[in-house]
Protein chains: 2
Amino acid sequence: MARAPTTFDPFNAVAEPKRRQLLEVLGTSELAVNDLVEQLGWTQPMVSKHLGVLKQVGLVSERRVGRQRLYRVNAEALKPIYDWVTPFEQLWRERFERLDQLLQNLQEEQKNVRKK
Amino acid sequence: MARAPTTFDPFNAVAEPKRRQLLEVLGTSELAVNDLVEQLGWTQPMVSKHLGVLKQVGLVSERRVGRQRLYRVNAEALKPIYDWVTPFEQLWRERFERLDQLLQNLQEEQKNVRKK
DNA sequence: TTGACATATTCCCATATAGGAATATAATAC
DNA sequence: GTATTATATTCCTATATGGGAATATGTCAA
């Protein structure tokens with residue numbers, strides 16, 4: 001078996017750095033393909049192809065206006081990623097907090113040493 | 001150019017569902033390869049290979065004890081994913097909040113209608 | 001040393017990619 | 001209808017993959 005297709009789920013779609021960049025540029029606005037071409041500096045087919053992948057996994061939605069197609073981010077489609085990664089965030093935050101505590105304790109001890 | 005290698009960054013490493021599953025099973029514990037083989041029900045080479053990818057991107061760390069190798073999650077390596085996805089979480093949460101607000105307003109209106 | 005156990009590596013293949021170039025489709029304007 | 005603009009699709013290729021099977025490496029125990 002090969003790797004899961006990029007259109008399999010948001011994880012695979014967003015693994016490609018360019019597609020993350022595209023979503024960032026899109027942000028909260030609604031942009032036509034040519035706007036994205038200009039802002040990203042990529043070729044038009046490249047932008048269209050990446051948009052195609054993002055659309056297939058529901059990460060962007062498309063609205064046709066005249067000969068333009070306006071795209072916007074559908075942020076909710078990123079929820080599975082957020083939900084998956086968040087529990088792990090607890091882990092490293094706890095570690096940092098323990099480290100902070102440790103450093104503070106050491107500082108306290110140093111103060112006491114100097115006082116003597 | 002082909003797709004970025006799975007060892008390119010945490011995004012690509014974690015795009016594979018099995019590797020996410022492996023990290024989940026690992027959780028906060030430190031497990032030997034055979035423990036993982038048993039818990040996951042995969043073949044031993046498959047577990048070793050996925051661990052190899054995860055290790056290359058720093059998502060797990062390895063400690064050798066006798067003939068065993070104990071692995072644990074290095075959660076901080078997931079921080080780039082967390083940091084990237086979190087701003088988007090704002091977007092869909094705001095949308096939900098606006099929706100909630102809208103629904104509440106509608107309920108209020110209904111009450112007033114009935115009073116008349 | 002030899003065997004048993006724990007883990008990693010190699011070889012194989014079908015499959016999907018991202019990018020470039022060229023071309024197709026679709027909608028508007030004249 | 002024809003030209004023009006906006007966008008999508010097709011064809012190409014190099015490259016990496018995940019899984020299976022077989023094998024190699026490394027470590028302990030008798």
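When reading the values below, keep in mind they use all heavy atoms of this one structure, side chains included, and skip hydrogens, waters and symmetry mates. Each chain gets a letter, A, B and so on, in the order its sequence line appears, and its residues count up from 1.
Distances shown here put every side-chain N or O of A:Asn34 at or beyond 4.0 Å from the OP1 or OP2 atom of D:dT5. When the side-chain nitrogen and oxygen atoms of A:Tyr71 are compared with OP1 and OP2 of D:dA8, one or more of them lie within a distance under 4.0 Å. Residue B:Thr6 has a polar side-chain atom (N or O) positioned under 4.0 Å from OP1 or OP2 of D:dT17.
The nearest whole Å value for the distance from the CD atom in A:Glu62 to the P atom in D:dT9 is 9 Å. One can place CZ of B:Arg63 at 16 Å from C1' of C:dA6, the figure rounded to the nearest angstrom.
Taking only distance into account, the side chain of B:Gln44 meets the base of C:dA8 through a donor-acceptor pair shorter than 3.5 Å. No hydrogens or angles were tested; on distance alone, nothing pairs the side chain of B:Arg67 with the base of C:dT7 as donor and acceptor under 3.5 Å. Contact of B:Lys18 with D:dG19 (side chain to base): no donor-acceptor pair of N or O atoms is detected under 3.5 Å. No hydrogens or angles were tested; on distance alone, nothing pairs the side chain of A:Gln68 with the base of C:dA27 as donor and acceptor under 3.5 Å.
Within the 4.0 angstrom heavy-atom criterion, no nucleotide atom of any strand lies near B:Phe8. Across all strands, B:Ala32 comes closer than 4.0 Å only to sugar-phosphate atoms, never to a base (heavy-atom distances). Counting non-hydrogen atoms under 4.0 angstrom, B:Arg64 reaches nothing in the nucleic acid.
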Decide yes or no on salt bridge (Lys or Arg N to Asp or Glu O under 4.0 Å) for B:Glu16 and A:Arg3, but give the supporting numbers first.
-> CA-CA 8 Å; B:Glu16 168 65 29; A:Arg3 225 205 286 205; over 6 Å; no

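Here A:Glu30 pairs with A:Arg63 in a salt bridge; the nearest charged N to carboxylate O distance falls below 4.0 Å.
A:Phe11 is not connected to A:Phe8 by any chain of hydrophobic side-chain contacts under 4.5 Å among Ile, Leu, Val, Met, Phe, Trp and Tyr, and they are in different clusters.
Considering all non-hydrogen atoms of both residues, A:Trp84 and A:Pro87 come closest at O-CD, 3.3 Å.
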